[in-house]
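To start, the structure itself, in structure tokens.
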Amino acid sequence: MTSMFALIDGNSFYCSCERVFDPRLNYRPVIVLSNNDGCAVARTPEAKALGIKMGHPYFQIKDLCRRENVAVFSSNYTLYGDMSRRLNLVYERFSPDIEIYSIDESFIDMAPLALPDRREWACDLRATALQWTGIPTCVGIGPTKTLAKLANRWAKSDPAGVCDLIDDEFRRDVMARFPIGDVWGVGRQTAKKLAALGIETAGQFAAMDPKRARQLLTVVGERMVHELNGRPCIAFEDVQPLRKGCAVTRSFGQRVTDLENMRQAVASYATRLGEKLRKWGLATDRVTVFMHTSPFDNGPHRSVSLAVRLAEATNDTRKLVAASIRAAERIWKPGFRYSKAGLMTDELVRPEQAQRVLFADLDPERGGKAMAAMDSINSRWGRGSLGIASAGIRKPWAATFDMRTPPYTTVWDDVPTAR
DNA sequence: TCTGGGGTCCTAGGACCC
DNA sequence: TCTGGGGTCCTAGGACCC
């Protein structure tokens, strides 16, 4: 059986989510901002046409947005996550074999479907997704995941929003016109290296000797060449592999210059880390704490990190907070305007498999029960209802979201009513 | 004093993705 | 004044071992 994949994604996904709940936005350019209202992370085609780039700092385009009547939103991940879940429920009606690749993209293994008419199937999928969720999508079809991604990109400029690259001749034609920098896995550095060899299209890259690609770009490059030639090297991940690492990092709403605020920030990040680990049923015995000043600031710069070991793998907020604060205090140095701090951990383990230290905890069950109680209170009353005192109450360092819409679909009070 | 060839494991850093 | 957050994978190099 030859391989065949579809990649379906939501168009300008975050912007489309906002439009679902305010159809008047359909006639305006829309952008959604990153955390802290820092920069643009999603733009509708109308906003792109105004010259707003991905990652464009908001303060630089504020005037433009006002002038051009651009609708500007703070990011609302609760809403986007819920819309994403709804989309995947639609996809599941069209195929049981789905890999959720990101919040707005899913791969579908089409080989087992043995469809008589792929195009009709794809159009039907798009229409159903639009009708049931309000989100417009595009579908790309190819013999490998890389080619499905490529097809999906090409579909963006197709009136029907579908591109099928199974046919060899059509595929060659498209690839000869497809810019190398838009290939999945080719970033700026790689594009530069390839351009130096005169390679500027996906078609030229596909024609490269795989061994040569390996020399130039490691095995990653070799795999891309194979994938572009229709030989699958990237596995379809039907069941999600266990998460390998976890990070909680935030830029501050205002610069932090004193240890007390830094302690609070790190404590609240550690609280969030514990929540995430418990939700996944994972634990860690090593946490890295970092803090740094802003590269855009004048004045003295500083960037430091420290990894601390815990006595044993845990996801107990209290232990994570204590260890993180200890580490933060050790690397803290006054006299700097810190713009960001965070926690990182990798090598997550299942707690039951973790090595236990003898007599490390005389009553491990008690810790587990306290955390479970805290999680259920916070899930009932909202994140942060019950926390650790060291995380602070006022939180002057916390990020701001001035233009956030309500979480329409996940909080009863915010569900829109039709009259 | 000088002389070897592999292994493994860990960490840091680069590149890329959404 | 104001420039995001959270992931994955790969490689090189050091420490250590036999």
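Chain letters run A, B, ... following the sequence lines, proteins first, then strands; residues in each count from 1. Because only heavy atoms are used, hydrogens play no part in the values below, and waters and symmetry mates are left out as well, while side chains stay in.
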[X] with [Y]: basic N within carboxylate O range, under 4.0 Å:
{"X": "A/Asp173", "Y": "A/Arg177", "answer": "yes"}
{"X": "A/Lys149", "Y": "A/Glu105", "answer": "yes"}
{"X": "A/Glu68", "Y": "A/Arg28", "answer": "no"}
{"X": "A/Arg318", "Y": "A/Asp316", "answer": "yes"}
{"X": "A/Arg119", "Y": "A/Asp158", "answer": "yes"}

- [ ] Assess the pair A/Tyr14 and A/Phe73: is the distance between their ring centroids shorter than 6.0 Å?
- [x] no
TODO: Give, ordered by number, those residues of residues 135-151 of chain A having at least one heavy-atom distance below 4.0 Å to an atom of DNA chain B; if nothing qualifies, reply none.
DONE: A/Lys149
Open item on the list: With the threshold set at under 4.0 Å for non-hydrogen atoms, list the residues of residues 180-209 of chain A touching DNA chain B in residue-number order.
Closed with: A/Val183, A/Trp184, A/Gly185, A/Val186, A/Gly187, A/Arg188, A/Gln189, A/Thr190
Open item on the list: Whether A/Arg404 engages the ring of A/Phe401 as a cation-pi pair (distance to the six-membered ring centre under 6.0 angstrom, angle to the ring normal within 45°) should be assessed.
Closed with: yes
Within [range]: residues closer than 4.0 Å to DNA chain C (heavy atoms):
{"range": "residues 322-341 of chain A", "result": "A/Lys340"}
{"range": "residues 289-310 of chain A", "result": "A/Phe296"}
{"range": "residues 55-79 of chain A", "result": "A/Pro57, A/Phe59"}

TODO: Return the 5'-most residue of the pair A/Thr218, A/Gly253 with respect to DNA chain C, ranking by each residue's nearest nucleotide.
DONE: A/Gly253
Task: Pairwise 5' ranking along DNA chain C for A/Tyr14 and A/Val220, keeping only the more 5' one - done: A/Tyr14
Task: Candidates A/Leu87, A/Asp9, A/Ile100 - the one meeting side-chain contact (heavy atoms from CB on, under 4.5 Å) with A/Ser106 - done: A/Ile100
Open item on the list: My understanding is that only one of A/Leu197, A/Ile199, A/Thr190 makes a side-chain contact (heavy atoms from CB on, under 4.5 Å) with A/Leu216; could you say which?
Closed with: A/Leu197
[X]: what forms a salt bridge (Lys or Arg N to Asp or Glu O under 4.0 Å) with it, not counting sequence neighbours?
{"X": "A/Arg66", "result": "A/Asp63"}
{"X": "A/Arg263", "result": "A/Glu260, A/Glu329"}
{"X": "A/Asp402", "result": "none"}

Tell me what [X] touches on the nucleic acid: a base, only sugar-phosphate, or nothing, going by heavy atoms under 4.0 Å.
{"X": "A/Gln254", "answer": "nothing"}
{"X": "A/Arg214", "answer": "nothing"}
{"X": "A/Arg272", "answer": "nothing"}
{"X": "A/Asp37", "answer": "nothing"}

Task: Atom P, compared across B/dT3 and C/dC17: separation rounded to whole Å - done: 23 Å
Task: Listed once per pair and sorted, the salt bridge (Lys or Arg N to Asp or Glu O under 4.0 Å) pairs that draw on residues 234-259 of chain A, sequence neighbours left out - done: A/Arg255-A/Asp297
TODO: Please confirm whether the backbone N or O of A/Met403 pairs with a side-chain atom of A/Ser74, one donor and one acceptor, at under 3.5 Å?
DONE: yes
Open item on the list: Determine whether a donor-acceptor pair (N or O, by modelled atom type, separation under 3.5 Å) exists between the side chain of A/Glu227 and the backbone of A/Cys233.
Closed with: yes
Open item on the list: Between A/Arg86 and A/Asp82, does the salt bridge (Lys or Arg N to Asp or Glu O under 4.0 Å) criterion hold? Intermediate values first, please.
Closed with: CA-CA 6 Å; A/Arg86 287 158 195 255; A/Asp82 190 56; 3.0 Å; yes
Open item on the list: What I'd like to find out is whether the side chain of A/Arg286 reaches to under 4.5 Å of the side chain of A/Leu310, using heavy atoms alone.
Closed with: no
Task: Five-pair end axes of the helix from B/dG5-C/dC18 to B/dC18-C/dG5, angle between them (10°) - done: 10°
Open item on the list: Around atom CZ of A/Arg153, are there more than 12 heavy atoms from other residues, nucleotides or ligands closer than 6.0 Å?
Closed with: no
Open item on the list: Can you classify the ring geometry of A/Trp397 versus A/Tyr269 as parallel (below 30°), tilted (30 to 60°) or perpendicular (above 60°)?
Closed with: perpendicular
TODO: Could you check whether the rings of A/Tyr338 and A/Phe336 sit parallel, tilted or perpendicular, using 30° and 60° as the cut-offs?
DONE: tilted
TODO: Scan for ring-ring contact (aromatic ring centres under 6.0 Å, His included) pairs involving residues 184-204 of chain A, sequence neighbours excluded, and state none if there are none.
DONE: A/Tyr101-A/Trp184, A/Phe107-A/Trp184
- [ ] Walk along DNA chain C from 5' to 3' and tell me the first and last nucleotide with an atom closer than 4.0 Å to a non-hydrogen atom of chain A.
- [x] C/dC2 to C/dT11
